[in-house]
Amino acid sequence: MAADPPATDPPNLPRPDIAEALAEAVFSGRYAIGAMIPREIDLCERFGVSRSTVRSALQKLVNAGLLVRISGQGTRVCELASWHLLDPQVSAWMARYAQPNPHLQREVFAFRVAAEPFVAALAATHATASDLLAIETAYEGMIRTLERTDLHWQGQSYNAYDVAFHEAIFAASHNLIWAQISHVLKPAIALIVERSNQSATLHSAKDLDDSMARHRRVMEAIRLRQPQEAAKAALSVLKRTGRDLGMEDLVENPPSIVMPPSIGEP
């Protein structure tokens, strides 16, 4: 009978980030939803750590809603609906490790299709001068990076400016909940932006030019305080993204959204 691992981890050795490794396995789909993950003792042997260290790592994923411990059976991957995707740590894991997981990417993109047209309309109603400056600065950054072979300008990438553009629109809604959702989902949104832009880059420069024209229409509609036009323009951006991602079906019949009235309307 094999002896239990030592009560403490070996001294003077770097401790592996077991929670990070397990999160990567879950988000990438290597541990499928509903599957049992390896036993504690097997994880101890794999990582060369104590049982208490493994249990501490497992508890992090249990607290995040990714895993559930079943008495007498082991630890199982939870259904996606149980995952705390608005937890900043979980959202960061998703951005780092969900690239091969098409189901997660579809869920994030479906959220954007449902939310962003409405948020753009709110921004067209409530944006201040500083909000407009933030949107325009992000847009200019996107333009400037496209003029450079490495797609970087002032230390930021095209993708970073693209994410900042959408984040600035959420902030311009001046709704605390929307702004906070944008903040915690920023890594997840970045995942979709990166994949979409990578696809567009592989196709042709015309694809990126088309994307920029769509972004500009959103910016102009917000600047001119045209909520309905801002919503339409935001949906147009998402249609472009959906085509790049192969998820056109998610924007063919977007949810019905009641837009704020245009400025001057009763």
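Count residues from 1 along the sequence.
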Of the non-hydrogen atoms in [X] and [Y], which two are nearest, and what is the gap between them?
X	Y	value
W93	A64	CZ3-CB, 4.3 Å
A230	I222	CB-CG1, 4.1 Å
T145	Q156	CG2-O, 3.8 Å
A25	S28	O-OG, 3.3 Å
S196	L245	N-CD2, 3.7 Å
R69	L58	NH2-CD1, 3.7 Å

Using a strict 4.0 Å threshold on nitrogen-to-oxygen distance, state whether R106 and D249 make a salt bridge.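 Salt bridge between R106 and D249, a charged N being under 4.0 Å from a carboxylate O: yes.
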
Hey, is E229 close enough to R217 for a salt bridge, meaning N to O under 4.0 Å?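 Looking at R217 together with E229, the answer is no, because their closest N to O distance does not fall below 4.0 Å.
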
With side-chain hydrogen bond (donor to acceptor under 3.5 Å, both in side chains) as the test, would you mind laying out the steps for N175 and H126 before giving the verdict? CA-CA 9 Å; N175 177 277; H126 301 294; over 6 Å; no

Are E20 and R96 packed together at the side-chain level, in the sense that at least one heavy-atom pair is separated by less than 4.5 angstrom?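 When only atoms from C-beta onward are counted, R96 and E20 do touch, with a gap below 4.5 Å.
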
Criterion side-chain contact (heavy atoms from CB on, under 4.5 Å) on F165 and M219, from CA distance to verdict: CA-CA 9 Å; F165 180 89; M219 180 177 66; 4.2 Å; yes

Stepwise side-chain contact (heavy atoms from CB on, under 4.5 Å) test for M212 and Y139: CA-CA 8 Å; M212 291 308 306; Y139 179 82; 3.3 Å; yes

Can I143 be reached from V163 by stepping across I, L, V, M, F, W or Y side chains whose heavy atoms are under 4.5 Å apart?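 Yes, it is one cluster - the side chains of V163 and I143 are joined through contacts under 4.5 Å.
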
State plainly whether one hydrophobic cluster holds both V54 and I70, where clusters connect Ile, Leu, Val, Met, Phe, Trp and Tyr through side-chain heavy atoms under 4.5 angstrom apart.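 V54 and I70: separate clusters.
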
I'd like a table of donor-acceptor pairs (distance under 3.5 Å, sequence neighbours excluded) in which one partner is a side-chain atom from residues 110-118, with atom names and distances.
unit_1: R112; atom_1: NE; unit_2: E116; atom_2: OE2; d: 2.5
unit_1: R112; atom_1: NH2; unit_2: E116; atom_2: OE1; d: 3.4
unit_1: R112; atom_1: NH2; unit_2: E116; atom_2: OE2; d: 3.3
unit_1: E116; atom_1: OE1; unit_2: H166; atom_2: ND1; d: 3.4

Distance-only side-chain donor-acceptor flag, R240 / S211, under 3.5 Å: no

Evaluate side-chain hydrogen bond (donor to acceptor under 3.5 Å, both in side chains) for D131 paired with T128, printing each intermediate quantity in order. CA-CA 5 Å; D131 294 325; T128 65; 3.0 Å; yes

With side-chain contact (heavy atoms from CB on, under 4.5 Å) as the criterion, how do Q154 and R144 come out once you've worked through the C-alpha distance, each side chain's angles and the decisive distance to 0.1 Å? CA-CA 9 Å; Q154 293 188 345; R144 296 292 186 183; over 6 Å; no

Please step through side-chain contact (heavy atoms from CB on, under 4.5 Å) for the pair I37 and L61, ending with a clear verdict. CA-CA 12 Å; I37 71 167; L61 273 71; over 6 Å; no

For R46 and D42, what are the C-alpha separation, side-chain angles and deciding distance, and is it a salt bridge (charged side-chain N to carboxylate O under 4.0 Å, His left out)? CA-CA 6 Å; R46 177 188 303 179; D42 295 328; over 6 Å; no

Measure the spacing between OH of Y97 and CZ of R30 and express it to the nearest 0.5 Å.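 Between Y97 OH and R30 CZ, I get 10.5 Å after rounding to 0.5 Å.
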
With rounding to the nearest 0.5 Å, note down the distance linking NE2 in H183 to CD1 in I181. 12.5 Å

For residues 77-92, tabulate all N or O donor-acceptor pairs below 3.5 Å that involve a side-chain atom, not counting sequence neighbours.
unit_1: W83; atom_1: NE1; unit_2: C78; atom_2: O; d: 3.1
unit_1: W83; atom_1: NE1; unit_2: E79; atom_2: O; d: 3.4
unit_1: H84; atom_1: ND1; unit_2: N63; atom_2: O; d: 3.1
unit_1: D87; atom_1: OD1; unit_2: Q89; atom_2: N; d: 2.8
unit_1: S91; atom_1: OG; unit_2: V184; atom_2: O; d: 2.7

